[in-house]
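Remember, it's 1-based here, ligands and their atoms both numbered in the order they're listed.
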Amino acid sequence: MPYTDAVVHEIQRFITLIPTSLPHAVTKDIHLRDYIIPKGTTVFPLLSTALYDSKEFPNPTEFNPGHFLNQNGTFRKSEFFIPFSAGKRICPGESLARMEIFLFMTAILQNFTLKPVISPEELSITPTLSGTGNIPPYYELCAIPR
Ligand code: HEM
């Protein structure tokens, strides 16, 4: 169970489905380090900077469920895991989405063996479009009943 949970988290971290979150507006003048962000400025919170933080997730460009596992194999929670954003406007569908991803993935893997139609090395995992969303490339696979 901790490993499956780690895989689900790593998939969400790795694909970074919505890297820029949604645009927000500053409601008052904000002092941030040496900068002033005037009231009304549109800001895009870059979720990708947390999800690909190399101190929190060593070798962030590698898919590694170990990013969410402690050395003893238990699940490692990370405050940098923010694919649903954070704060007052955090995605209200987070619980539903996480439940669905977990249930769909485990049900599929329990009942089917998945095989790509081309060799896995030839599969591109580069998004076909990267902007507010990372759109995964289209590909085919065989679902063989277990
Ligand atoms: C993997 C699935 C999903 C991801 C990664 C995701 C991610 C996000 C992100 C990053 C935001 C922007 C939050 C912000 O403005 O700071 C957002 C907003 C939102 N999401 Fe999701 N979401 C997912 C699924 C869902 C589902 C299943 C629902 C509804 C059933 C949903 C409903 C919404 C709504 C209504 C907003 C706008 C909230 C607002 O502006 O206050 N999302 N989501």
With heavy-atom distances below 4.0 Å as the criterion, list the atoms of ligand 1 near Ala97. 2 (C), 24 (C)
Roughly how far, to the nearest 0.5 Å, is the CZ atom of Phe84 from the CG atom of Leu17? 8.5 Å
Going by the order shown, which atoms of ligand 1 are within less than 4.0 Å of some heavy atom of Leu47? 10 (C)
Residue that, paired with Phe14, satisfies side-chain contact (heavy atoms from CB on, under 4.5 Å) out of Asn64, Ile125, Leu51: Ile125
Could you check atom 10 (C) of ligand 1 against the protein and tell me its nearest heavy-atom contact, residue, atom and distance included? Pro83 O, 3.5 Å
Which option out of Gly93, Pro19, Pro92, Ser95 puts a heavy atom nearest to atom 34 (C) of ligand 1? Pro92
The closest protein heavy-atom partner of atom 3 (C) of ligand 1 is Phe84 CE2, 3.4 Å
Could you pull out the closest heavy-atom pair between Pro127 and Asn134, with the gap in Å? CG-OD1, 3.8 Å
Who's the nearest protein heavy-atom neighbour of atom 1 (C) of ligand 1, and how far? Gln12 NE2, 3.8 Å
Closest protein heavy atom (residue, atom, distance) for atom 7 (C) of ligand 1: Ile18 CD1, 3.5 Å
All heavy atoms of Ile90 vs all of Glu94, minimum pair found to be CD1-OE1, 3.5 Å
Note: heavy atom closest to atom 40 (O) of ligand 1, options Glu94, Arg98, Arg89, belongs to Arg89
Hey, which atoms in ligand 1 end up nearer than 4.0 Å to a heavy atom of Ser21? 10 (C), 12 (C), 13 (C), 14 (C), 15 (O), 16 (O)
Heavy-atom closest pair, residues Arg146 and Leu109: NE-O, 2.8 Å
Heavy-atom nearest neighbour in the protein, as seen from atom 16 (O) of ligand 1, with distance rounded to 0.1 Å: Ser85 OG, 2.6 Å
Shortest protein heavy-atom distance from atom 15 (O) of ligand 1, along with the residue and atom involved: His24 NE2, 2.7 Å
Per the ring pair (Phe, Tyr, Trp, His ring centres under 6.0 Å) rule, which among Phe57, Phe63, Phe80 passes with Phe68? Phe57
Nearest protein heavy atom to atom 30 (C) of ligand 1, by residue and atom, and its distance? Leu96 CD2, 3.7 Å
Looking at atom 21 (Fe) of ligand 1, what's its closest protein heavy atom, distance included? Cys91 SG, 2.3 Å
Structural part of Glu100 in contact with ligand 1, heavy atom criterion under 4.0 angstrom: neither
Can you confirm whether the side chains of His9 and Arg98 place a donor and an acceptor under 3.5 Å from each other? yes
Closer than 4.0 angstrom, basic N to acidic O: yes or no for Glu56 and Arg13? no
Within a radius of less than 6.0 Å around CE of Met99, do more than 12 heavy atoms belonging to other residues, nucleotides or ligands occur? yes
